[in-house]
Amino acid sequence: MENPLTPEVLADPVALTRALVDIESVSLNEKAIADCVEEVLRVVPHLTTFRHGNTVMARTDLGRASRVVLAGHLDTVPLNNNFPSTLRGDLMYGCGTSDMKSGVAFALHLATALPEPRYDVTYFFYEAEEIESRYNGLYLVAQAHPDWLEADFALLLEPTHGIVEAGCQGTMRAVVVTTGVRAHSARSWHGVNAVHDAGEVLRRLSAYQARRVTIDGCEYREGMNATRIHGGVAGNVVPDRCEIEVNYRFAPDRTPAEAEAHLREVFAGYELTVTDCAAGALPGLEAAPAREFLAAVGAAPIGKLGWTDVARFAAMGIPALNFGPGDPNLAHHPDEHVEIGKIREGAATLHRWLAAA
Ligand SMILES: [Zn+2]
């Protein structure tokens, strides 16, 4: 295949977004796009390029006082009659336009266009963000080559519609269990109905007052919800077990251990097992490159409500923010699109920030 990422395409973030969208890269099928990205980075004289699996990174080594990471995932969710891209007015439609090839285009454009950025920059293009963690290129490189990711600040170019979203909330899943005694429903007084006992668990959830926490001016709104309920044996049996799956989204001032302690307090008296957890990330607005980035954007950040890979950077001690042109509400949507104006605006902002003397 001829590499579609020609010098003319690399010079224009809009054309570059489109070219990247038109290289199909559903998770675990990123080889072609990684090959194209690697090939263009290898020949840039001011960059040193590395590859691990289908994750490609390139770095400047100018001896600057700070280093920043610009990161984006190369994969997309499965196609949904939205490949290749199409243009309608100011909108570019297609799988990955919003999440997040427009963000990847920012990093790739800057990597090739800025020989002397104000910080040393690590441009990081990784595989398999949309699927389980064990395939995630950022996770894999953090295990295999943690030195590749050393930095003072990271910018994750996920869709935020041009707003700076700081940190992210943590998420915990747990199963609350009620137990009873099985009996024939014709003689139900011999049993204890575990499904009835689930009522109290649900009552606590309905009455629950979720916190709203403000950290560094960013509000994080928590939530605790039953997401699934399972119980029952047969149509004529008093059930002896009911499981209520609970998802707790918690503000990043709480550690996973504190979140678990809080869940145990809410469901005191019940058996509770944590099945999955991902820590949140504090906003991370104190690092000098973060402050300079916010000045370039010229608007206040807001708290990120979902979980993103900024938490992986936070776990490595690297403060990170989310900033990208796509609308996050359109990510994973068959009508996924990006506003071309937002691509131009965001690219100009990043240029202003990284090129400043
Ligand atoms: Zn994404």
Side-chain angles (χ1 to χ4, degrees), residues 13 16-30 33-34 37 53-57 69-80 82-83 85 92-109 123-142 149 154-171 249 278 280-281 302-315 318 320-339 342-343 346-347 350:
L16 182 52
T17 300
R18 189 151 193 209
L20 289 166
V21 170
D22 290 343
I23 305 170
E24 188 262 292
S25 59
V26 176
S27 306
L28 301 181
N29 191 33
E30 300 97 334
I33 196 168
V37 168
N54 289 324
T55 293
V56 181
M57 72 141 236
V69 179
L70 294 192
H73 60 82
L74 294 171
D75 64 321
T76 70
V77 294
L79 307 180
N80 193 347
N82 53 3
F83 180 88
S85 63
M92 186 191 302
Y93 284 79
C95 187
T97 46
S98 168
D99 187 11
M100 57 172 285
K101 288 177 174 176
S102 44
V104 168
F106 284 175
L108 196 53
H109 165 71
Y123 301 98
F124 192 80
F125 306 96
Y126 63 106
E127 61 184 322
E129 188 272 346
E130 299 287 5
I131 54 173
E132 294 144 79
S133 280
R134 64 194 168 105
Y135 299 109
N136 183 300
L138 180 56
Y139 165 78
L140 294 174
V141 167
L149 292 164
L155 196 59
L156 192 58
L157 302 161
E158 288 275 15
T160 64
H161 218 192
I163 292 165
V164 181
E165 293 186 340
C168 74
Q169 302 221 102
T171 175
R249 298 285 174 149
I302 61 168
K304 177 81 180 175
L305 298 181
W307 194 88
T308 77
D309 273 346
V310 296
R312 293 187 201 278
F313 284 107
I318 303 168
L321 298 174
N322 301 283
F323 175 78
D327 179 343
N329 297 318
L330 295 170
H332 307 186
H333 195 280
D335 266 341
E336 180 174 354
H337 59 262
V338 65
E339 294 157 48
K342 288 275 182 213
I343 301 179
L350 290 176

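As the structure lists them, so they are numbered: ligands from 1, and atoms in each ligand from 1.
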Pairing residues for Tyr123 by the side-chain hydrogen bond (donor to acceptor under 3.5 Å, both in side chains) criterion, not counting sequence neighbours | none
Check whether any side-chain heavy atom of Asn82 lies under 4.5 Å from a side-chain heavy atom of Tyr93, and answer yes or no.
-> no
The Zn ion (ligand 1) -> Asp99, closest N, O or S atom is OD1
Taking every heavy atom of Glu336 against every heavy atom of Asp99, the minimum-distance pair comes out as OE2-N, 2.8 Å
Closest heavy-atom contact between Thr97 and Met92?
-> CG2-O, 3.5 Å
Please find the N/O/S atom of Glu158 nearest to the Zn ion (ligand 1) and write down its name.
-> OE1
min-distance N/O/S atom, His73 vs the Zn ion (ligand 1), resolves to NE2
